[in-house]
Amino acid sequence: MIDLQAKRTFWAAVSDCLVEIFGFPRSRANRASSALRKKVERSTPSHHQDIFYHAEPIDIAQDIAGVRCDSHECRQKYDAILSRHDW
């Protein structure tokens, strides 16, 4: 089972990806990531949540944004986000 702090860090990284890589306003990024988190945690059995949390935060952000970002610039921004969150 994933602990609460790890989940908070994961979703903070998702929100940061939406803002810093995909250009979402912070409020929209927070709403979108919170909505998906609630959906995952309400509708997914806990053993499946563990699998969900093995995804990369940028993959979840890409799904929310509906855009893929595979460039070197995206990778640099993503690495900085992960570093900031001690991921």
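Counted within 6.0 Å of CD on Glu73, heavy atoms from surrounding residues, nucleotides or ligands total 12 or fewer; the atom is thus considered open.
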Check against side-chain hydrogen bond (donor to acceptor under 3.5 Å, both in side chains), Tyr78 and Glu56:
CA-CA 10 Å; Tyr78 181 56; Glu56 290 286 330; 2.4 Å; yes
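Counting heavy atoms from C-beta outward, Ile81 and Glu20 have side chains that approach closer than 4.5 Å. Contact annotation: the side chain of Ile2 never approaches that of Phe52 to less than 4.5 Å [non-hydrogen atoms, C-beta and beyond].
Heavy-atom minimum distance, Val14 versus Pro57: CG2-O, 3.7 Å. Residues Val19 and Ala29 come closest through the heavy atom pair CG2-CB, 3.6 Å.
The line from CZ of Arg37 to NZ of Lys7 is 6.5 Å long, rounded to the nearest 0.5 Å. In this structure, the separation between CZ on Phe24 and OG on Ser15 is 10.0 Å, given to the nearest 0.5 Å. We find the CD1-CZ distance between Ile58 and Arg75 to be 7.0 Å, quoted to the nearest 0.5 Å. From Thr9, atom OG1 reaches atom CG of Asp3 across 8.5 Å, with rounding to the nearest 0.5 Å. Atom CH2 of Trp11 and atom NZ of Lys38 lie 11.5 Å apart (nearest 0.5 Å).
Between the Ser33 side chain and the Asn30 main chain, a donor and an acceptor come within less than 3.5 Å of each other.
Arg68 meets the side-chain contact (heavy atoms from CB on, under 4.5 Å) test with Asp59, Gln62, Asp63, Asp70; sequence neighbours excluded.
Using a 4.0 Å cut-off between a side-chain N of Lys or Arg and a carboxylate O of Asp or Glu, Arg84 and Asp79 do not qualify as a salt bridge.
Relative orientation of the Phe10 and Tyr53 rings is perpendicular, given thresholds of 30° and 60° on the angle between their planes.
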